[in-house]
Structure formats: structure tokens, C-alpha cells
Protein chains: 2
Amino acid sequence: MDANGEERLVSRRVTIKEVAKRAGVGTMTVSRVVRNHGYVSDSVRIRVAEAVRELGYRPNGSARSLRLRRTDTIALIVSDITNPFFTTIARAVEDVASESDNLVLFGNTDESESSEIRYMEMVLQKGVDGVLLVPATDGRVALELAQASGLPVVAIDRRVSPAFDCVRCDSEGGAALLADRLLELGHRRFAILGGPDEVSTSHDRIQGFRLRAEAKGGQVTVYHGKLTVVDGERLTRVAMEANPRPTAIFAVNNFLSFGALNAVGALGLNVPDEVSVAGFDDLPESMVNFPFLTVVSQPAYELGALAARHLFERIQNPALPPQDLALPTTLRERSSTGPRR
Amino acid sequence: MDANGEERLVSRRVTIKEVAKRAGVGTMTVSRVVRNHGYVSDSVRIRVAEAVRELGYRPNGSARSLRLRRTDTIALIVSDITNPFFTTIARAVEDVASESDNLVLFGNTDESESSEIRYMEMVLQKGVDGVLLVPATDGRVALELAQASGLPVVAIDRRVSPAFDCVRCDSEGGAALLADRLLELGHRRFAILGGPDEVSTSHDRIQGFRLRAEAKGGQVTVYHGKLTVVDGERLTRVAMEANPRPTAIFAVNNFLSFGALNAVGALGLNVPDEVSVAGFDDLPESMVNFPFLTVVSQPAYELGALAARHLFERIQNPALPPQDLALPTTLRERSSTGPRR
DNA sequence: TTGAAAGCGCTAACAT
DNA sequence: ATGTTAGCGCTTTCAA
């Protein structure tokens, strides 16, 4: 191979022109062969394919994207890829994208709206074909930015304006289910560790839990913080100072529940004998056996896969009316919850 | 805004030409203003900036990349983004890339070489500026593919041919440290759960542990499988059938150690009283308190950040000689290990 | 069945 | 300080 020892030293990228010259045909013929599209006689096809191989030709993606107005790339903007819930979603999105030879860009907003807007601007400029967005708060500005540019976008996890597609879970229903179960176990005094109220998931889970619990004689106190481990710890300490103490804690997302477990451990409280702890969002499948945490589990993989598929559909057919898809959740009872003592 | 109500219905993308026309200048002037580079009189600069704003102009990334031969995008190819070790690396890489307004593409190979090659081909075509690769086995083909095209590439986590840059941890040393400690605790019969021997990390950890343990009178049996939870479970069951049983298990990566914990739990064995379990790779910081697993912890975030910085350096200066950077590890003793009973 | 011409949107180089 | 020209590498007409 590399019979023509010349000019390969600096490995300049081979262009379609060079292939054409080598094969003694026009560039269009090469293009037809490479894309396997359009009429080319067998003899020519073979000659061209050979030249492609010999020269190591690879079409230039930027040129192609410029011409085609298409990049075969989508973007996934999440708050934090290290959140296992979003990690699983990312995996699913990439799996689906990969099926149709699409590439996936990702970015972390850390729940910051300005960061979210910055990413949206970047991918808009880059010319991705579509965006999957976990909105920081309501994502309004970023979503409208996309819409104004005709860029297909699907929100994930958090409810947004009905003008946009959204794929998420039934937060309210899931939280209500958990409330039912804790009530059944005899609990009546609850602490909820919640996030910012503008984050729909937090709002809905608080709402779902509170309404159900109060309807059945429970007493609920909500503590608001950020969706972080640190705030989970902090809020738990505050919550456990109440007198009388809550007998069950519901943390509305996984980071908060990790924090809660840390804090009750540090306080020397036994789980679940002295206090029950339950969360929302499961762990990645590989770790599901460890923190024996009772959770409302969301089908993260399915959520990501569905969102990605939905995005590709929307890319194909931008006229589709926006949809709000809510997947059901499952209560997974493990050993961090138990009967009231 | 949008004073000129015409032609914005289908939100065609605005080009530099239209901005130039609107501002009554040439395209180069617009280009200069947009990039903030080159001489432009203040009065003109203001007029152009206004036109940009009014028209909602955003440079076309594909056109720019075609012209500049640069995409401001790097790729991160890992075996599985849901592996917390790689998740943390991904976060670090994206953080560093973001500092210089670069975007990050990611792909999962699932340890398959053909998948690895496929991603390499895709990003080569896309024209990314550089690649961060966690090689499936030795990554030879994929790395050479990049090299042949003059695409900067840095290997992460696993040793590769010295012809390439590599950022990883001192697997051998870390494993030896763990062996020392387990010996100190009185253990003499060890089972190692290892991955494929072509994966350097697995090989080095086995080697590091075995040499140290055997030098001090330990007896080591190695069980090979894939780096998965399922194989961690399977190998543990096999290992625990030995007679006499090992008193300590060392799993060379986190998935294997999760599997080990699952299996010993299922076998009804008490950890660490009946068997000690230790792993390699820590959990994400948010979860670090849970499976009270003793591990050789790798500075995953620093590893990812260093690799990314190294890649950007190499992009800037392709002539740099390749380096093999090995970061030190830390033994984190938690409650899954204890004295031999 | 094949090729030539034009142009996607941008910027480096060169005028002016 | 600003504009003109040319061309990055590709594919969509359109003509042969």
C-alpha cells in the first residue's frame, strides 16, 4: 500500500478531486460511488473504489455539512453528566444516535441558565441537527432560541411550555405512590427535601407527595435547597432538628437522597429504624444493589432512548405537533424504609 | 425587534452577506467585527453590530470549519459512559474543553475494537481537532488510523504503544499498595477478579498485586472475565468454591467489584468478617459514602482534565514528543476489608 | 452513464 | 480602514 510514496509525508487530507484524477473520472462520479447513489457503470465504480482505497480518501465532513445543511450530529445538554440519572440517559441517547450513524455532543449546565444559553448558541452555530435539553429551571430562553432558528429540540425530564416537545416521567404520580406506601407503614410526619420550585420535577414531586400525604392525615414540611449532595446533607440536619422529628424523609432527587443518607449516618441515626429515607431516581443498574435505598425509580434508559427517537422523528418532520410524553415510574422498596417505630 | 417582518417566517439562516448588505459594508468588515479581529472604525463597527443583532446573525460553523480546517470540537471515546470512572473523566474533559469554547463528542465502544474503529472513522470524517481514546484492548488500529491522518490523539487510562500520548494511573503501584495492606491484615489466600489480559490496566493490576503478595508469602489465584458486573458475580462464585477459600478478593475494576459484592451477599457471606473485598476505581464523589468498599482510588477527574489539557497542547503543537503520564493512586480503606478471621 | 458549472458561507491574501 | 477575489471540498442542477 501507499505505492505512490510522494506527498503523503505530511498526510494532507485527500480530496475528492485527487481521487477523481487518479481514477480518471469527474468528481461527480466519485461522489456517486462514495455515497452509493446514482448511476455509475460497474467498471468505473470499481476503478473509483480502488482509487478511494489507495488514496485513503475520506469525505470532508465540514464541506458536506456546508453543502447539505446537515451535520448528522445532535447535542445533549444536561445539568450534570455525573448524575447517574443523566449518565444513563446519555448512554441511551448515544445508542440510538449511533444506530443512524449520528454523533452526539454533550454539555453540562450545572443548572445555570446562562450556561444553558451559551451551549445552545454554540450548537446553533455548529449546526447540529437537533438538541436534547434538560432545562435548567424552565429552559424558556434556550428553547425559544432554538425555535427561532428552526432547530428541532426536545426537552427531557422537566416539563416545559406546551409549545415544545417533552419526554419525562410522571413525577407527581410517582411521588404519590411513595406517599401511599409510607403512610401504609405508619408514617405521619414527613420531611421533603426539595429543589428550586421552578424545576418542574421538584415541584411536581413535592406536590404529588404532599397532596396525597396530607389527604390521608400526614403532616408535611418542605425544605428547599439546590439539587446537590451538600444541600441534601444540610437540609436533613435542619429537618431532623424539628420537634417532634419527622419519621420519614423524602428526597426529590438522587443527589439530595445521597446527602440525606450521609447526614442521618453522621447524626448516628439508624435507617430505617429511627428514620426512613426514600428518594427519587434510581442508581445505575450496575450499582443498584448497594445503598439499599428505597426509591421511585424512573426508566432512565427508556426515557433517553425515547427522547432521542422522538428528536429524530421531529428532525425528519418538523411539522409534527409538539408532544408531552410522560413515562410511568416504579416504586422500588428496599431497606432504607420501614414501619414507623 | 424584527422590524422587517418579511422573510422570517421560515427562519432561513442569515448569512454574512445579508448582514453586510444591511450595514452597507463588505462581508470582510462584518467578519472582522464578528471575530473582533482587524481594523474597523468605531462608527462602522457599531453599524455592523446593530445589523448582526437585528438580523440575528450567527456564523455558519460548517463554512467556518471548511475554511479554517478546524472545528473547535474534540471527541471522547470510552468503553461505557455509565461506568462512573469514565463518567467522571467525561465531566472533566468537558469542563476543560468548555474553557476554550470547545465542544465534546462522545461515543461508547463497549470494549469492542470494531466499534472503536468505527467511531474513529466517523470523527476523522467529521474533522474533530483531536481525540481522547480509552482503547479497547491496545487500541492499535484506531490509534494508527488517527496518526496516519495527522489527527492528534491521547490515550486515556490504558497503556498503549510509546508512539502515542497516554494519560493514566499507576495501576501496578496501586495494586501493590493494596496487597501490602491486605497482607498486613493477615490475609494470605487471595482471589483476583481480572479482565482480559490485553487490557493493560487489568494486566498491570494483577501483576502489581500478585508480585507483591507472592513475594510476601501470599497465594494468589487469578480469575479472568469481562469487565462487567455479571462477570464479577460469576467469577466470585467460582472463586469462593475453592477449598480452602480465599479470605480476600481483589477486583481489578469497579464493575467487577460491584459484581463481587452482589455475589458474596447472595452467598450469604459477611463482609468483611468472612471475606474481605477490595476494588480498583472509586465511586463518583456524590456516592462515595455508600458501598463501604475499600478501593484503590484513581483521581478520575484530574486524569480526565490532564488528558484534555494534554490533547489541546498537542493540537497546538503536533511536534511534541509523545508522553506517558502516570498519576498516583490512593488506597481508601473502608469497611469491606478487615483482618483475617 | 458521465461531467461541467455553480455555489453553500466563510476568511486569508491582497488590493485600495 | 475597507472591499474584492479566490477558494476551502462537496453536491445539486443541468447538459451532453
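Model, not experiment: these values are computed from the prediction. In what follows, chains carry the letters A, B, and so on, assigned in the order in which the sequence lines appear, proteins first and then strands, with residues in each chain numbered from 1. Hydrogens, waters and symmetry mates are skipped; everything else that's a heavy atom, side chains included, is used.
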Tell me which of D42(B) and S62(A) sits closer to the 5' end of DNA chain D, going by the nucleotide each one is nearest to.
-> D42(B)
Apply salt bridge (Lys or Arg N to Asp or Glu O under 4.0 Å) to [X] and list each qualifying residue two or more places apart in sequence or on a separate chain.
{"X": "R47(A)", "value": "none"}
{"X": "R53(A)", "value": "none"}
{"X": "E99(B)", "value": "none"}

Carefully, step by step, assess K126(B) and T71(B) under the rule side-chain hydrogen bond (donor to acceptor under 3.5 Å, both in side chains).
-> CA-CA 9 Å; K126(B) 179 110 321 179; T71(B) 52; over 6 Å; no
Rounded to whole angstroms, how far apart are CZ on R69(B) and C1' on dC10(C)?
-> 13 Å
For R118(B) and S98(A), what are the C-alpha separation, side-chain angles and deciding distance, and is it a side-chain hydrogen bond (donor to acceptor under 3.5 Å, both in side chains)?
-> CA-CA 10 Å; R118(B) 174 171 165 269; S98(A) 183; 3.1 Å; yes
Hey, does the side chain of D110(A) reach the backbone of S112(A) with a donor-acceptor pair shorter than 3.5 angstrom?
-> no
Keeping the roles fixed (side chain from S65(A), backbone from G61(A)), state whether a donor-acceptor pair exists under 3.5 Å.
-> yes
Under-4.0 Å side-chain N/O to phosphate OP1/OP2 contact, R58(B) with dG9(C) | no
Between dT2(C) and T29(A), is there an OP1 or OP2 to side-chain N/O distance shorter than 4.0 Å?
-> no
Show your working on side chain to side chain contact (heavy atoms under 4.5 Å, CB included) between L133(A) and M120(A) and close with a plain yes or no.
-> CA-CA 9 Å; L133(A) 172 71; M120(A) 192 57 91; 4.3 Å; yes
Taking the side chain as every heavy atom from C-beta outward, state whether R158(B) and S79(B) have any atom pair closer than 4.5 Å.
-> yes
Could you run down the sub-3.5 Å N/O contacts of the protein with nucleotides 11-14 of chain C?
residue: dT11(C); atom: OP1; partner: R64(B); partner atom: NE; Å: 2.7
residue: dT11(C); atom: OP1; partner: R64(B); partner atom: NH2; Å: 3.0
residue: dT11(C); atom: OP2; partner: S31(B); partner atom: OG; Å: 2.8
residue: dT11(C); atom: O2; partner: R67(B); partner atom: NH1; Å: 2.5
residue: dA12(C); atom: OP1; partner: R35(B); partner atom: NH1; Å: 3.4
residue: dA12(C); atom: OP2; partner: R35(B); partner atom: NH1; Å: 3.4
residue: dA12(C); atom: O4'; partner: R67(B); partner atom: NH2; Å: 3.3

Contact span of DNA chain D against chain B, any nucleotide atom under 4.0 Å from a heavy atom, 5' to 3', runs dA1(D) to dG9(D)
Report the C-alpha separation of N36(A) and R45(A) in whole Å, then their side-chain angles, then the decisive distance to 0.1 Å, and conclude whether the side chain to side chain contact (heavy atoms under 4.5 Å, CB included) test is met.
-> CA-CA 9 Å; N36(A) 197 23; R45(A) 181 181 302 279; 3.4 Å; yes
What is the bend of the helix from dT1(C)-dA16(D) to dT16(C)-dA1(D) when you compare the axis at one end with the axis at the other, using five pairs each and rounding to 10°?
-> 40°
